[in-house]
Trainee: 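Have a look at this one before I ask anything.
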Amino acid sequence: MSEDPRPACGAADVLSDAFFAAREDDLSRRLRRGRFEHALGVSKTAENLARLYGADERKARLAGLLHDWDKNYDDEGIRARVEELGLVVNPYVFEEMPQLLHGPTAAAALAREFPGLPRDVVQAVERHTAGAVGMTDLDMIVYIADALEPGRDYEGLGEIRSLVGRVPLEELYLATFGHVFLNLVQRRKRVHPQTIEIWNYYIARSRDAADDRRKKKGTA
């Protein structure tokens, strides 16, 4: 899948409606119809979450739109894409779970093609597949939107959706991450090697936050 050279855009340009519309048009031809509709759903959901949680709505809608830029590559295509872009990735994921690399390859390809893309938008695209320790608000918003957009219809999502706006963003991310993790285990699927590290990190943060809230109530 070749990409035409494009003129460089500044950060302000890439957050414009015109840039968004142009990339939407790109995706309509780059992705299968169902996947394209998913990208639109993630974009809108990310924008809504950003509004609700005080993040940058323009960055959220753009990162949501672009998150599956490389999704149409098959396993061999993704491996070739990794090599073309010169990425250093986990060897196990490269061999056994290459589809999880469509986030990193998309991020690298988009940064190369559109140098004006904000780094946090590129990072959110990169991290949307497996998550990471130390997710930013934008990272979490795109990850959550990918799981919760209206086109998704998996068992248990209603419970997670009911938390939107009722719990802090990080707690919503942890609930979403946990749901995805449990779903993979129940379906006897492989999980990314970093999954346990990420889970332990955010569980510890969640418990620390709960302890802080209890202490504050005790001194009130």
Side-chain angles (χ1 to χ4, degrees), residues 38-39 42 45-46 49 53 55 59-60 63-64 66-71 73-111 117-149 152 154 156-157 160 163 167-210:
H38 166 71
V42 174
T45 302
L49 286 168
Y53 285 103
K59 288 183 177 181
L66 298 176
H67 81 287
D68 273 350
W69 185 259
D70 271 6
K71 186 63 176 177
Y73 286 97
D74 61 13
D75 287 357
E76 286 308 311
I78 282 290
R79 293 188 185 106
R81 188 77 153 151
V82 168
E83 293 173 350
E84 170 207 345
L85 293 164
L87 301 182
V88 177
V89 300
N90 184 294
Y92 177 81
V93 177
F94 182 83
E95 291 297 335
E96 303 295 338
M97 309 167 68
Q99 284 302 312
L100 288 183
L101 298 173
H102 74 269
T105 64
L110 287 163
L117 277 174
R119 292 180 63 183
D120 51 355
V121 169
V122 173
Q123 178 175 281
V125 171
E126 179 183 3
R127 291 181 167 185
H128 87 271
T129 48
V133 167
M135 297 275 276
T136 67
D137 285 0
L138 183 59
D139 295 338
M140 290 188 284
I141 283 168
V142 175
Y143 184 96
I144 294 164
D146 187 25
L148 301 189
E149 64 95 359
R152 297 288 202 192
Y154 300 132
L157 283 188
I160 308 299
L163 299 176
V167 300
L169 179 61
E170 192 167 301
E171 283 298 315
L172 181 61
Y173 168 68
L174 178 59
T176 306
F177 187 89
H179 181 273
V180 172
F181 181 22
L182 182 59
N183 182 264
L184 290 171
V185 171
Q186 290 174 337
R187 292 164 55 208
R188 299 175 67 86
K189 299 290 187 180
R190 295 184 177 96
V191 297
H192 194 285
Q194 291 180 328
T195 297
I196 299 301
E197 179 187 3
I198 296 167
W199 175 253
N200 287 342
Y201 174 83
Y202 281 102
I203 281 293
R205 284 177 59 86
S206 178
R207 289 176 176 170
D208 289 345

Trainee: Quick one, Asp146 and Arg152 - any side-chain contact, counting heavy atoms below 4.5 Å?
Mentor: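 Yes - at least one pair of side-chain heavy atoms lies under 4.5 Å apart.
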Trainee: Determine whether Ile141 and Thr45 make a side-chain contact, defined as any pair of heavy atoms from C-beta on separated by less than 4.5 Å.
Mentor: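 Not in contact.
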Trainee: Find the distance between CZ (Arg187) and OH (Tyr154) and round it off to the nearest 0.5 Å.
Mentor: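 Interatomic distance, Arg187 CZ to Tyr154 OH, rounded to 0.5 Å: 7.0 Å.
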Trainee: Hey, what do you get for CZ (Arg81) to CG (Asp74), rounding to the nearest 0.5 Å?
Mentor: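 Going from the CZ atom of Arg81 to the CG atom of Asp74 covers 12.5 Å.
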Trainee: Do Thr136 and Asp139 come close enough that some side-chain heavy atom pair is under 4.5 Å?
Mentor: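 Yes; the side chains approach each other to less than 4.5 Å.
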Trainee: Any idea which heavy atoms bring Arg127 and Ala132 closest together, and the distance?
Mentor: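 Closest pair (atom of Arg127, atom of Ala132, distance): NE-CB, 3.6 Å.
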Trainee: Hey, are Glu170 and Ser206 close enough side-chain-wise for a donor-acceptor pair under 3.5 Å?
Mentor: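 Not at all, the side chains of Ser206 and Glu170 share no donor-acceptor pair under 3.5 Å.
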Trainee: What class does the angle between the rings of Trp199 and Phe177 fall in, given that below 30° is parallel, 30 to 60° is tilted and above 60° is perpendicular?
Mentor: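 Because their plane-to-plane angle is under 30°, the rings of Trp199 and Phe177 count as parallel.
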Trainee: Going by heavy atoms in the side chains, are Phe181 and Ile198 under 4.5 Å from each other?
Mentor: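 No. Closest side-chain heavy atoms not under 4.5 Å.
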Trainee: Any idea which heavy atoms bring Gly131 and Gln194 closest together, and the distance?
Mentor: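 Distance-wise, the nearest heavy atoms are O-OE1, 4.5 Å.
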Trainee: Checking side-chain contact (heavy atoms from CB on, under 4.5 Å) between Leu169 and each of Asp137, Leu174, Leu49, which is the one that passes?
Mentor: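 When side-chain contact (heavy atoms from CB on, under 4.5 Å) is applied between Leu169 and each of Asp137, Leu174, Leu49, only Asp137 qualifies.
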Trainee: Pair Val142, Val125 - check side chain to side chain contact (heavy atoms under 4.5 Å, CB included), show working.
Mentor: CA-CA 8 Å; Val142 175; Val125 171; over 6 Å; no
Trainee: Please answer whether the main-chain N or O of Leu138 pairs with a side-chain N or O of Tyr143 as donor and acceptor at a distance below 3.5 Å.
Mentor: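 Side chain of Tyr143 to backbone of Leu138: no pair is present.
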Trainee: State, to 0.1 Å, how close Met97 and His192 come at their nearest heavy-atom pair, and which atoms those are.
Mentor: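 Shortest heavy-atom separation between Met97 and His192 comes out as CE-N, 3.6 Å.
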Trainee: Start with the C-alpha distance between Arg79 and Leu101, add both sets of side-chain angles, then the distance that settles side chain to side chain contact (heavy atoms under 4.5 Å, CB included), and finish with yes or no.
Mentor: CA-CA 8 Å; Arg79 293 188 185 106; Leu101 298 173; over 6 Å; no
Trainee: Is there side-chain contact between Ile144 and Ile160, with heavy atoms separated by less than 4.5 Å?
Mentor: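 No, side chains not in contact.
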Trainee: Taking all atoms of both residues into account, what is the closest heavy-atom pair of Ala147 and Leu157, and its distance?
Mentor: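 Closest approach of Ala147 to Leu157: O-CD1, 3.5 Å.
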Trainee: What is the distance from atom CG of Asp75 to atom CD of Glu95, rounded to the nearest 0.5 Å?
Mentor: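 It is 10.5 Å, given to the nearest 0.5 Å.
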Trainee: Does the side chain of Met140 reach to within under 4.5 Å of the side chain of Tyr53, using non-hydrogen atoms?
Mentor: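 No - every pair of side-chain heavy atoms lies 4.5 Å or more apart.
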Trainee: Ignoring hydrogens, what is the shortest heavy-atom contact between Ala107 and Glu126? Give both atom names and the distance.
Mentor: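 Result for this residue pair: CB-CB, 3.6 Å.
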Trainee: Just wondering, do Glu83 and Phe94 contact through their side chains at under 4.5 Å, heavy atoms?
Mentor: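 Touching, per the 4.5 Å side-chain cut-off.
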Trainee: Which atom pair, heavy atoms only, marks the closest approach of Pro98 to Ile78?
Mentor: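 Of all heavy-atom pairs spanning Pro98 and Ile78, the closest is O-CG2, 3.1 Å.
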Trainee: Working to the nearest 0.5 Å, report the span between OG1 of Thr105 and CG of Asp70.
Mentor: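 One gets 3.5 Å once the value is rounded to the nearest 0.5 Å.
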Trainee: Quick one, Thr129 and Pro104 - any side-chain contact, counting heavy atoms below 4.5 Å?
Mentor: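 A side-chain contact under 4.5 Å exists here.
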Trainee: Please say whether more than 12 non-hydrogen atoms of neighbouring residues, nucleotides or ligands are located less than 6.0 Å from OH in Tyr92.
Mentor: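 More than 12 within 6.0 Å, yes.
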Trainee: Hey, is the main chain of Lys71 close enough, under 3.5 Å, to the side chain of Asp68 for a donor-acceptor pair?
Mentor: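 A pair under 3.5 Å: no.
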Trainee: I'd like to know if the side chain of Gln99 reaches the main chain of Tyr73, judged simply by a donor and an acceptor atom lying under 3.5 Å from each other, with no hydrogens or angles considered.
Mentor: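 Here the side-chain-to-backbone pair exists.
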